[in-house]
Amino acid sequence: MSRLSPAEIEPKWQAAWDDAGVFTATRDPAREKYYVLEMFPYPSGRIHMGHVRNYTMGDVVARYKSSCGFSVLHPMGWDAFGMPAENAAMASGGHPKDWTYANIATMRDQMKPLGLSIDWSREFATCDPEYYGQQQALFLDMLEAGLIYRKNAVVNWDPVDMTVLANEQVIDGKGWRSDAPVERRELTQWFFKISDMAGDLLDGLDTLEDWPEKVRLMQANWIGQSRGLQFAFSLDAESVGHDRIEVYTTRPDTLMGASFVGISPDHPLARALEADNPELAAFCTECRRTGTTEEALEKAEKRGFDTGLTVRHPFDTAWELPVYIANFILMDYGTGAIFGCPAHDQRDFDFATKYGLPIPPVFVEKDAEDAQLTEAFVPPKTEPVHYVRGFAGTPVQTGADGVDAAIAFCEENGVGHGVTKYRLRDWGLSRQRYWGCPIPVVHCDTCGVVPEKKENLPVRLPDDVSFDQPGNPLDRHPTWRDVPCPACGAEARRETDTMDTFVDSSWYYARFTAPRAETPTDAEDAAYWMNVDQYIGGIEHAILHLLYSRFFARAMQVTGHLPETAREPFNALFTQGMVTHEIYLTRDEKGRPVYHLPEDVTDGRLADGTEVEIIPSAKMSKSKKNVVDPVSIVEAYGADTARWFVMSDSPPERDVEWTASGAEASYKHLQRVWRLASTIDADMRAATPEDLTPAPARDMPLLRTIHRAIAEVTEGIEGFAFNSSIARLYAFANAIAKSDATLPIRAQAMRVLAQLMSPMTPHLSEEIWHLLTDGAEGLVAQAAWPVADAAMLVEDSVTLPIQINGKRRGEITVPADASREAVEKLVLETDAVRRALPEGTAPKKLIIVPGRIVNVVV
RNA sequence: GCGGGCGUGGCGGAAUGGUAGACGCAUGGCACUUAAAAUGCCCUGGGCAAAUGCCCGUGCCGGUUCGAGUCCGGCCGCCCGCACCA
């Protein structure tokens, strides 16, 4: 019997699919459409197992839906702008464009042998001028619609390299190349007004029923709606032009526990005070050294600086509160100023303790009026609290009701007003880098900031740039900046900032519906194909990419580029786990990790004998050099094996650690299925008339198995439990191998097995299908998905485990339609129950869950 | 620090609140073979036991329930995100 050679059959069937145009997406009004999309890859240079897993999942869905009769759109493209291309250019002197397109070519060549059902005619890269030109058109429309504006924002500035650094380029507060302490610097930048849509983006989450609950929760927390009180503290003496401090609090119910007022180091008052107070200025400067990430701010030691200013409590003019500058207060959130209530907030408690400030409680535990607080008291939700200091003697409740009551009380007494705020900040899109989509505006001395004319799009990146020094090459380009003002025609300067790469990935799904259109989208195509029915990608994108995409769908609707029905672009979302692998690292003289490729490590040592640290289950990433190359797996075992393995070993939402033994095992199993098919085929060809005579009694068990397999495998695919589907397929193959059913029924089972396997192992399935149908029924890829006969799924009898006091002690088999009374009688007659029950006594309780279990309580 | 998630045999994992460990890997045994590979068959959570069986067991502690891997509360550990990484 011939061994199956993936190297022979896989290209053959891929060519057959191409010839038949099976995967070309066509707008067919007669059929329901299905748009399945995996998050497109960054062209890092080689595909890795995470890609294989991601795209195989999408492929399983696409092939399955296609078999179910849908008109399927399953495209692929490249998220091609970004820093690695510039880093490569700086390191090796090439050009980001060449590097990127070469990587794309390599990865496409690596991806195609996987046999994915992708419509490659729709492929594009975000660095294609045809794509980013349309993105510039979107920018102009959104600018005109008031969705984009300019304001100052803080960036990480490397004072040695004289360049802006991304957060990941800041290591322990220092520039990654220069090692110089990073400074904060303000630049005028472009922003999307995403905060205007905060409420709508929050409300929209409720409609996303087919998104993971955790992603919706993360997004809701990220948007961070809060209801609070905004009011002002009056300064005792006007200082540097300020006479009040505007404060926002989500805990107005603790206003009577105020101990101090804190303002951000970036608060206008703090900035004004810096001029006359060198000590204060030094403190603020020190605070600004902390990285710009929220994580760095939150983890930094909480520090304050007493400004010497005081304010009056709004409900008691005799009550004086000190004003501190505190490093943990963000200028971006609320008003950049807070009041501190140490008795009921742990951070404020720590702060008050550190600076010797009073800790007046608002409420205490019952019977604990005199107790000294050793930590902030946050009352349990259910317990009543005892008030020691309510508003004007009136106790208010805690919790949401208390906040509402406190806001109402404050409003009645003329202290501020209730407001709804969001944590979500506007999205800064300006990047001071070359390899991105140029922002299509021109700076004119007389007209100011002027949008480029649409007919001048795309604003192309110049090719003649150098990366021999840090900073943005567009700034250094001799002529690229010089353009006439689109408004007055005078000499003007092009903006040299480019767009955040998140912009590129925020609308690519819409572009796939009409990738060659002369406008960003085509109305008819968008109406037919949108929304994405199933989106698949990593959980690491749970917040930013998905939120930005949701914003963009709305913004594109406002600007007329998407229909109203595409408000939420992704109907269903699946977040896959990552493919992990050990990482190997050594440390440089500063203790920073240096990563090594698996092939450079032998028995835990480098070639020069240096021992390496091994960290298990680390996310596969190019920078960590722990990428397993799928190409070698495909070459050794074929695409079907790689696909089968990545789908079989782990539930798709969970991380999977790559192991070499798993691929080997998958390969063996697929060979076994092939042998089984070949044997059945050979037997059919040599069959005598007796072999073909039906024998219903012999055939019934396998017929039932066929229909159960159809039902269970289908259910697994529908529910994204691919690993369970594959477990069922193993069981099905074993059942066929062991069955004594007649040949025609075994052949029928084998054809169904091939079909059910086809989303995962399309090439092997085609080969088996072709063999068993003599090529008379075309391609599996075009065959209709089998349907389970419900009548065949019903069992005649059922085995019920019998528990005694919750522990399994026996079982009985009863007819599936047995009455409760009949089951009860049989249960009481079993040995296990008789042994447990004293002679003649009845059980205390008898629980019968029909079809499932019996529990006897004695 | 904040937000979110995960934790089950030697390993990957299965299990609408209802027989914990399906299915697969690995280990061991057997068959085939001159031999090996390949292939096929069998066993395999731990403990006690000749055996029908019995006890323990889903990170830890507690709770709800006839019944908890699953629900609730409190911990521990690991992972993801934190707005200029993609």
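Within every chain, numbering begins at 1; the chains are lettered A, B, ... in the order of the sequence lines, protein sequences first and strands thereafter. Computed from a predicted model, the values in this text were never measured in an experiment.
The residue A:Val164 sits close to a base: some heavy atom pair falls under 4.0 Å. A:Gly662 comes within 4.0 angstrom of no nucleic acid atom, judged by non-hydrogen atoms across all strands. Using a 4.0 Å heavy-atom criterion, one finds that A:Ser505 contacts no nucleic acid atom at all. Counting any heavy atom pair closer than 4.0 Å across all strands shown, A:Ala665 reaches sugar-phosphate atoms only and no base atom. Nucleic acid contact for A:Asn734: sugar-phosphate only, since backbone atoms but no base atoms lie under 4.0 Å from a heavy atom of the residue. A:His545 comes within 4.0 angstrom of no nucleic acid atom, judged by non-hydrogen atoms across all strands. A:Leu424 comes within 4.0 angstrom of a nucleotide base, judged by non-hydrogen atoms across all strands. Note on A:Phe328: nothing from the nucleic acid sits closer than 4.0 angstrom, heavy atoms only.
Shown for residues 213-222 of chain A: residues whose heavy atoms fall under 4.0 angstrom of RNA chain B, namely A:Lys214, A:Leu217, A:Met218, A:Asn221, A:Trp222.
Ion pairing between a basic and an acidic side chain is recognised when a charged N comes within 4.0 Å of a carboxylate O; A:Asp266 and A:Arg288 show such pairing.
With sequence neighbours left out, A:Asp161 forms a salt bridge (charged side-chain N to carboxylate O under 4.0 Å, His left out) with no residue at all. Residues meeting the salt bridge (charged side-chain N to carboxylate O under 4.0 Å, His left out) test with A:Arg431, sequence neighbours left out: A:Asp500. Residues satisfying the salt bridge (charged side-chain N to carboxylate O under 4.0 Å, His left out) criterion with A:Arg425, sequence neighbours excluded, are A:Glu294, A:Asp332. With sequence neighbours excluded, the residues forming a side chain to side chain contact (heavy atoms under 4.5 Å, CB included) with A:Ala711 are A:Ala788, A:Leu793, listed by chain and number. For A:Asn156, the side chain to side chain contact (heavy atoms under 4.5 Å, CB included) partners two or more places apart in sequence, or in a different chain, are A:Leu165, A:Asn167, A:Val170, A:Val182, A:Thr292.
Atom CZ of A:Arg425 is separated from atom C1' of B:rC2 by 13 Å (rounded to the nearest Å). What separates CG of A:Leu800 from P of B:rC66 is a distance of 21 Å, to the nearest Å. Nucleotide B:rC2 holds its P atom 8 Å from the CD atom of A:Glu298, rounded to whole Å. When the P atom of B:rA22 is taken as reference, atom CG of A:Leu729 falls 18 Å away, rounded to whole Å. Rounded to whole Å, atom P of B:rC80 lies 16 Å from atom CG of A:Leu544. Following rounding to the nearest Å, A:Tyr548 (OH) and B:rA86 (P) show an atom-to-atom distance of 12 Å. Regarding A:Asn54, its CG atom lies at a distance of 18 Å from the P atom of B:rA86, rounded to whole Å. Taking atom CG of A:Leu546 as the reference point, atom C1' of B:rC82 lies 15 Å away to the nearest angstrom.
Projected onto RNA chain B by closest heavy-atom contact, A:Arg423 and A:Lys299 fall at different nucleotides, the more 5' of which corresponds to A:Lys299. Both A:Lys302 and A:Lys738 lie near RNA chain B, and the one whose nearest nucleotide falls closer to the 5' end is A:Lys302.
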At under 4.0 Å between heavy atoms, how does the protein contact nucleotides 14-21 of chain B? Give one character per nucleotide, 5' to 3', with B, S or -. S-B-BB--

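Sorted by first and then second residue, the salt bridge (Lys or Arg N to Asp or Glu O under 4.0 Å) pairs involving residues 76-88 of chain A (not counting sequence neighbours) form an empty list. Within the structure, every pair that satisfies the salt bridge (Lys or Arg N to Asp or Glu O under 4.0 Å) test and touches residues 719-735 of chain A, not counting sequence neighbours, is listed here: A:Glu712-A:Arg728. Among residues at least two apart or in separate chains, there is no side-chain hydrogen bond (donor to acceptor under 3.5 Å, both in side chains) pair with a member in residues 845-858 of chain A.
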Side-chain atoms of residues 731-739 of chain A: list all donor-acceptor pairs with protein atoms under 3.5 Å, sequence neighbours left out, distances to 0.1 Å.
{"from": "A:Asn734", "atom 1": "OD1", "to": "A:Arg672", "atom 2": "NH1", "distance (Å)": "3.0"}
{"from": "A:Asn734", "atom 1": "OD1", "to": "A:Arg672", "atom 2": "NH2", "distance (Å)": "3.0"}
{"from": "A:Asn734", "atom 1": "ND2", "to": "A:Tyr730", "atom 2": "O", "distance (Å)": "3.4"}
{"from": "A:Ser739", "atom 1": "OG", "to": "A:Ala741", "atom 2": "N", "distance (Å)": "2.9"}

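On a pure distance criterion of 3.5 Å, a polar donor-acceptor pair joins the side chain of A:Gln189 and the base of B:rC84. Donor-acceptor pairing under 3.5 Å, judged by distance alone, is absent between the side chain of A:Glu294 and the base of B:rC82. For A:Gln169 and B:rC84, a side-chain-to-base donor-acceptor distance below 3.5 Å is absent, hydrogens and geometry of angles not being considered.
When Watson-Crick and G-U wobble pairs are counted only if both distances are under 3.5 Å, B:rC66 pairs with B:rG18. Across all strands shown, B:rC2 is found opposite B:rG81 as a Watson-Crick or G-U wobble partner, with both distances under 3.5 Å.
Closest contact between the side chain of A:Thr293 and the listed nucleotides B:rA83, B:rA86, B:rC82 involves B:rA83. The side chain of A:Ile543 sits closest to B:rG81 out of B:rC82, B:rG81, B:rC55. Looking at the side chain of A:Tyr730, the nearest of the listed nucleotides B:rC85, B:rG24, B:rC80 is B:rG24.
Not less than 6.0 angstrom separates the ring centroid of A:Phe551 from the ring centroid of A:Trp507. Taking the six-membered ring wherever Trp is involved, the centroid distance between the rings of A:Trp427 and A:Tyr548 falls below 6.0 Å.
With A:Trp190 as the aromatic partner, A:Arg150 meets the cation-pi criteria of under 6.0 angstrom to the ring centre and within 45 degrees of the ring axis. Taking the ring centre of A:Phe191 as origin, the terminal cationic atom of A:Lys151 falls inside the region bounded by 6.0 Å and 45° from the ring axis.
In terms of phosphate contacts, A:Arg431 brings a side-chain nitrogen or oxygen within less than 4.0 Å of OP1 or OP2 of B:rC84.
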Atom pairs under 3.5 Å, N or O on each side, protein against nucleotides 37-40 of chain B: can you list them with distances?
{"from": "B:rU39", "atom 1": "O3'", "to": "A:Arg675", "atom 2": "NH2", "distance (Å)": "3.2"}
{"from": "B:rG40", "atom 1": "OP1", "to": "A:Arg672", "atom 2": "NE", "distance (Å)": "3.1"}

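Anti is the classification of B:rG45, since its glycosidic angle lies more than 90° from 0.
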